[in-house]
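Okay, structure first, notes after.
Labels below follow one simple rule: chain letters A, B, ... track the order of the sequence lines, proteins then strands, and each chain is numbered from 1.
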Protein chains: 2
Amino acid sequence: MTYRLPTLNTLRAFEAAARHLSFKTAATELGVTAGAISQQVKKLEISLGVAMFRRLPHGLLLTPEGEAYLPRISQVFEDLTAATEAIAPTINSKKFNVGICSKAAEILPPNWPKNRDSLKDYVRDSVCTNDIEMVWNNEIDCLVRLAGGPYGKLTSLTIPASSIGKFTPPALHFICKPGLADCRQTKAILHDLEAHTSLSI
Amino acid sequence: MTYRLPTLNTLRAFEAAARHLSFKTAATELGVTAGAISQQVKKLEISLGVAMFRRLPHGLLLTPEGEAYLPRISQVFEDLTAATEAIAPTINSKKFNVGICSKAAEILPPNWPKNRDSLKDYVRDSVCTNDIEMVWNNEIDCLVRLAGGPYGKLTSLTIPASSIGKFTPPALHFICKPGLADCRQTKAILHDLEAHTSLSI
DNA sequence: TCGGGAGACTCAGTAATTCTATCCCTGTAG
DNA sequence: CTACAGGGATAGAATTACTGAGTCTCCCGA
């Protein structure tokens, strides 16, 4: 099974240029110079022996071949993106697997975080554990525990606990890889945790 | 519209390796060394943060992610190949546009070559012309005419004409780009033309 | 138990590709 | 007439991919 495939680079250049009908705009979108787009498109056209664009004095037009090619290439890109997203979600679309140590679980409501509607877009599953290693090897994305560290290169975020009368409940710690410290999921979970450390006991 | 796309190279390496469950065989298929496949696959795995293969002592296995990714990538490759083939047929699958000069048309049967069943897989259309330029700019793939040349860098093939009694019918010439001189379509058309130059008049 | 072979991994050096930066050209607008 | 916008070409720099050689592990047969 051997495929006849133009290089992806030339296709990206073509797809962007065809969508914008402008090499310059395409270049901006792809973060390169217009010359690079021009080269890539020309390379594609030569390798296929087919002109994709009509270079008119006042702008670009697609040839019939380019017109036919564009939607199919866009579709291929979408499929490829979807396939890739399916097995390797980008940070922003992925749901967290949350680890919770047993002591933290006592403080939090039973079945947290699964019972929280506000977290249902951010949490896939939760597991009772106290094992930092599981963060490193991606079995869980974050770990909620009582102990404050040190955690080396992992990020540890402290959830402030407000005193209730003379009693200050124990602070919780949210441990995750540095790359996940600022993302939507982390913020949502932290926000939810704060509500509990202010209310519980 | 900005897509998140791994490089095509890494995907090709992955796809071939996953199909064969062997870097070495994949390397042979793609005409590179096994080291190159290894590097490309690793690059893909790192960029996605997902292992595609389990490297076992006795061979390769796909991880669940790799298992899920493979069919979708293969499908993308097929779509891409089909899209490309549609607008830029490979020499072997393309049908010729045939040019025929008016003098040659007098010798050949009316409506040749469209009326020939044996050519219907090789000829898309025909047009009456005597303009060599149309071969150069791909408006037609070949030109059938009486004049023998010279044609410079174009290939000119002579269709032998057999005498009938004292009369020798004029020889026909088949002019095409050098790259098309040896392909199936040319052979089929030449073969058909020979029949006519031996029978006509 | 000891080679020998197969196949994957690593790394340094080299080859190939791609990008940038620049200049040119054309057409349009002021 | 001049300025500007955008595409085309090109040389050189930067990046990326490939090769080739050496290493390792496992398996197999003697």
Determine whether A:T186 and A:F96 satisfy the following criterion, side chain to side chain contact (heavy atoms under 4.5 Å, CB included), listing intermediate values before the conclusion.
CA-CA 9 Å; A:T186 294; A:F96 273 24; 3.7 Å; yes
In whole angstrom, give the distance that lies between atom CG of B:L8 and atom P of C:dT18.
11 Å
Just how large is the angle between the end axes of the helix from C:dT1-D:dA30 to C:dG30-D:dC1, five pairs per end, to 10 degrees?
20°
Who are the side-chain contact (heavy atoms from CB on, under 4.5 Å) partners of A:T158, not counting sequence neighbours?
A:A171, A:H173
Nucleotide C:dT18, atom C1' - distance to NZ of A:K43 in whole Å
8 Å
Polar atom pairs (N or O), protein with nucleotides 19-26 of chain C, under 3.5 Å:
residue	atom	partner	partner atom	Å
C:dC19	OP2	A:Q40	NE2	3.3
C:dT20	OP2	A:T33	N	2.7
C:dT20	OP2	A:T33	OG1	3.0
C:dT20	O4	A:Q39	NE2	3.0

Under the side-chain contact (heavy atoms from CB on, under 4.5 Å) test, which residues partner B:P64, sequence neighbours left out?
none
Over how many whole Å does the gap from B:L60 atom CG to C:dC9 atom C1' extend?
12 Å
Pairs touching residues 8-24 of chain A that satisfy side chain to side chain donor-acceptor pair (under 3.5 Å), sequence neighbours left out
A:T7-A:T10, A:E15-A:R19, A:E15-A:S74, A:E15-B:Y3, A:R19-A:E29, A:H20-A:E29, A:S22-A:T25
Once side chain to side chain donor-acceptor pair (under 3.5 Å) is applied, what residue pairs with a partner in residues 30-41 of chain A remain, sequence neighbours excluded?
none
Atom CE of B:M52 and atom P of C:dA8 are separated, to the nearest Å, by 17 Å
In whole angstroms, how far is the C1' atom of C:dA8 from the CG atom of B:L61?
14 Å
To the nearest angstrom, the CD1-P distance between B:I46 and C:dC9 comes to 12 Å
What residues form a side chain to side chain donor-acceptor pair (under 3.5 Å) with B:E67, not counting sequence neighbours?
none
Take B:Y69 and B:F14 through the ring pair (Phe, Tyr, Trp, His ring centres under 6.0 Å) test and state the conclusion after the steps.
CA-CA 9 Å; B:Y69 208 34; B:F14 161 73; 5.6 Å; yes
Bounds of contact between DNA chain D and chain A, in 5' to 3' order, using a heavy-atom cut-off under 4.0 Å:
D:dG6 to D:dA11
According to side chain to side chain donor-acceptor pair (under 3.5 Å), who are the partners of B:Q75, at least two apart in sequence or on a separate chain?
B:D79
Pairs flagged by ring pair (Phe, Tyr, Trp, His ring centres under 6.0 Å) wherever residues 22-48 of chain B is involved - sequence neighbours left out
B:F23-B:F53
Mind checking what makes side-chain contact (heavy atoms from CB on, under 4.5 Å) contact with A:A104, not counting sequence neighbours?
A:I100, A:C101, A:V144, A:L172
B:K42 vs C:dT10: side-chain N/O to OP1/OP2 distance below 4.0 Å
yes
Going by the rule side-chain contact (heavy atoms from CB on, under 4.5 Å), which residues pair with B:A51 if we only count those two or more places apart in sequence or in a different chain?
B:E45, B:T63
